[in-house]
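Here's the structure we're looking at; comments come further down.
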Amino acid sequence: MTVVTRFAPSPTGFLHIGGARTALFNWLYARHHGGIFHLRIEDTDRVRSTDAAIEAIIDGLKWLGLDWDGEIVYQFARAPRHAEVANQLLAAGKAYHCYCSPEELDEMRKAAQAAGKPMKYDGRWRDRDPKDAPTGIKPVIRIKAPLAGETIVVDGVQGEVRVGNEQLDDMILLRSDGTPTYMLSVVVDDHDMNITHVIRGDDHLTNTFRQRMIYDSMGWDAPHFSHIPLIHGPDGAKLSKRHGALGVEAYRDMGYLPAALRNYLLRLGWGHGDDEIISTAQAIEWFDLGGIGRSPSRFDFAKLDNLNGHYMRQSDDTDLAKAVADTLGKANDAASVALLTRAMPGLKSRAKNLKELAENAGFYVQSRPLAFVEKAQAILVAPETVALLPKLIETYTAAATWQAAALEETARGFAEAAGVKLGAVAQPLRAALTGSTQSPPIFEVMEILGKGEALMRLGDALQIKG
RNA sequence: GUCCCCAUCGUCUAGUGGCCUAGGACACCAGCCUCUCACGUUGGUAACACGGGUUCAAAUCCCGUUGGGGACGCCA
């Protein structure tokens with residue numbers, strides 16, 4: 001049997017981090033089994049669904065590297081098929097017309113609330129003669145829920161979950177305007193698309209019982225369900241915008257790498273022994289339902305940052321340089337890209353995301369004169385520096401070779417002759433050449449900048465006034 | 001409120017009755033490396049929610065309590 005999974009978001013907002021993880025798990029499970037992964041847009045809510053959201057979801061999945069098989073299924077387009085199933089159930093006597101008004105339902109809800117019970121439709125139209133139907137009122141179609149016994153769902157994550165059937169009510173399948181409800185649409189689509197494994201958020205666990213009623217009434221086999229616990233914010237409360245319920249594009253803009261986010265999301269709620277750094281190929285090989293944890297997990301930016309730093313260090317220098325050049329507005333400047341590529345080994349271990357990387361790399365391609373941070377400025381106007389810098393420039397102007405090791409040797413000799421520590425020479429150089437007090441190793445910086453540029457920057461530093 | 005789910009270091013987790021004086025990772029603290037900052041490296045602090053059982057033996061099984069989460073729509 002071929003494994004078929006799906007990711008079925010409703011396009012009412014961006015692809016948030018929880019959805020991204022659900023998509024990842026479904027994708028991984030399908031790829032692991034050499035199966036099929038479908039994307040289905042659940043756009044039956046015509047008011048809240050937007051094209052922009054559909055766009056955001058598609059872009060987000062592409063950015064994350066989660067490719068789906070076949071055409072995207074748009075649920076709304078299948079509404080006639082959903083209605084057909086509802087009518088089939090009606091004809092088979094497994095569903096019925098209900099003429100309850102919204103007001104009646106409201107009363108029922110209030111009464112239930114007052115009695116401390118969950119809202120449950122009382123089935124008042126379940127067994128009434130169709131001849132009693134009032135005229136001028138469009139009915140909904142409700143399913144006949146089982147009255148006794150219990151429904152058991154064997155969940156891939158939660159195990160055996162059971163609920164008494166008296167908890168279930170005759171839910172609506174088809175609205176009075178003839179459109180299908182979510183419960184109906186999902187079941188019909190999952191069946192028609194031959195979905196074998198449904199992996200979705202925990203919030204759907206109780207829905208599963210209701211969906212089972214439809215499968216049973218139609219005589220269809222239900223897919224295998226796995227409900228993964230939700231992601232919470234750092235404070236344990238529901239994930240809010242403030243702590244990470246952002247669209248994946250927000251993570252992209254913050255400078256996170258798709259590979260890092262994939263690894264992070266994988267480990268959030270799934271484990272494979274002590275393994276932490278897991279490549280996507282490895283994840284496909286290892287992913288299983290049994291590794292999914294049962295308790296909700298909290299989103300932790302610190303760990304994401306750490307992972308992102310790791311993947312940055314692993315990344316190709318040219319790729320990184322291109323990305324940095326792009327954010328620095330130098331994408332079409334081949335010389336800058338080349339220079340940044342050479343500088344990347346020293347740069348990439350010092351940033352935890354692409355944004356920081358670009359900020360730290362800026363000095364390399366900035367045009368003179370540089371802007372100085374306060375501390376760098378202070379170093380350059382200090383008497384010691386003022387006394388030392390001209391002679392240092394002289395020494396370097398006379399340098400025969402311009403390689404980091406040689407430049408460092410020169411500085412060491414210079415420091416020794418002046419009776420100061422190497423740092424007393426290196427920090428002024430750093431301030432003058434990078435405009436900052438922190439940078440990659442300064443002699444490496446000098447080499448990459450080149451003799452001409454380096455000496456001009458040093459000359460600029462001479463002009464600085466306190 | 002009713003129903004359902006969950007519960008190991010601050011966080012993500014390993015653990016499926018003896019290998020547990022509970023392992024790893026992030027974060028944190030200290031040392032090393034060192035021209036700065038990182039990276040790297042060495043070490044450290046830190047957890048089985050609580051109470052009852054079952055068993056020769058329980059983080060692991062059962063019951064209860066507490067705490068968290070989810071679902072209770074002609075939304076998805």
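Protein chains get the first letters and strands the later ones, always in sequence-line order, with residue 1 at the start of each.
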B:A71 and B:C26: how far apart are their C1' atoms, nearest whole angstrom?
-> 33 Å
Out of B:G40, B:C74, B:C35, which has the shortest distance to the side chain of A:Ser176?
-> B:C74
For atom C1', what is the distance between B:G18 and B:C33, given to the nearest Å?
-> 44 Å
Polar pair under 3.5 Å, donor/acceptor by atom type, side chain A:Arg294, base B:C6 | no
Please work out if A:Met171 contacts a base, only the sugar-phosphate, or nothing of the nucleic acid, heavy-atom cut-off 4.0 Å.
-> nothing
For B:A22, the Watson-Crick or wobble partner whose two distances fall under 3.5 Å | none
In terms of heavy-atom contacts, does NZ of A:Lys355 have more than 12 from other residues, nucleotides or ligands at under 6.0 Å?
-> no
So A:Phe299 and A:Phe301, would you call those rings parallel, tilted or perpendicular, with 30° and 60° as cut-offs?
-> perpendicular
Answer yes or no on whether A:Arg46 is positioned over the face of A:Phe76, meaning its NZ or CZ is under 6.0 Å from the six-membered ring centre and within 45° of the axis.
-> yes
When all nucleic acid strands are considered with a 4.0 Å heavy-atom cut-off, which category describes A:Asn207: base, sugar-phosphate, or nothing?
-> base
Sort out for me which residue in A:Thr50, A:Asp45, A:Thr44 forms a side chain to side chain donor-acceptor pair (under 3.5 Å) with A:Arg48.
-> A:Asp45
Kindly say whether, by distance alone, the side chain of A:Arg313 makes a donor-acceptor pair under 3.5 Å with the base of B:C39?
-> no
Paired nucleotide for B:G64 [Watson-Crick or G-U wobble; both distances under 3.5 Å] = B:C50
Determine the interatomic distance between P on B:A38 and the same-named atom on B:U13; round to the nearest Å.
-> 29 Å
Pairwise C1' distance for B:C4 and B:G40, with rounding to whole Å = 48 Å
Would you find a donor on one side and an acceptor on the other, under 3.5 Å apart, between the side chain of A:Asp43 and the backbone of A:Pro11?
-> no
With sugar-phosphate meaning primed atoms plus P, OP1 and OP2, does A:Pro229 contact a base, only sugar-phosphate, or nothing at under 4.0 Å between heavy atoms?
-> nothing
Side-chain touch A:Leu174/A:Thr181, heavy atoms, less than 4.5 angstrom | no
Report which part of the nucleic acid A:Ser349 touches: base, sugar-phosphate, or nothing (heavy-atom distance under 4.0 Å, all strands).
-> base
Heavy-atom check, side chain of A:Val445 versus side chain of A:Ile442, under 4.5 Å = yes
With respect to the phosphate group of B:G73, does any side-chain polar atom (N or O) of A:Arg109 fall under 4.0 Å of OP1 or OP2?
-> yes
Between B:C35, B:C39, B:C4, which nucleotide has the shortest distance from any of its atoms to the side chain of A:Leu205?
-> B:C4
Of A:Leu230 and A:Lys138, the one whose closest RNA chain B nucleotide lies more 5' = A:Leu230
If the C1' atom of B:C61 is compared with that of B:C3, how far apart are they to the nearest Å?
-> 25 Å
Using distance alone, with no hydrogens and no angle criterion, decide if A:Thr5 and A:His197 have a side-chain donor and acceptor under 3.5 Å apart.
-> no
For A:Arg412 and for A:Gln167, find the nucleotide of RNA chain B with the closest heavy atom, then tell me which residue's nucleotide is more 5'.
-> A:Gln167
Which of the following nucleotides, B:U36, B:C4, B:G73, is nearest to the side chain of A:Pro441?
-> B:U36
Do nucleotides 9-22 of chain B as a string where each nucleotide becomes B, S or -: B if the base has a protein heavy atom under 4.0 Å, S if just the sugar-phosphate does, - if no protein is that close.
-> --SBSS--------
Hey, does A:Thr44 reach any base, or is it just sugar-phosphate, or nothing, if we go heavy atoms under 4.0 Å?
-> sugar-phosphate
How is A:Val140 classified with respect to the nucleic acid when contacts are heavy atoms under 4.0 Å: base, sugar-phosphate, or nothing?
-> base
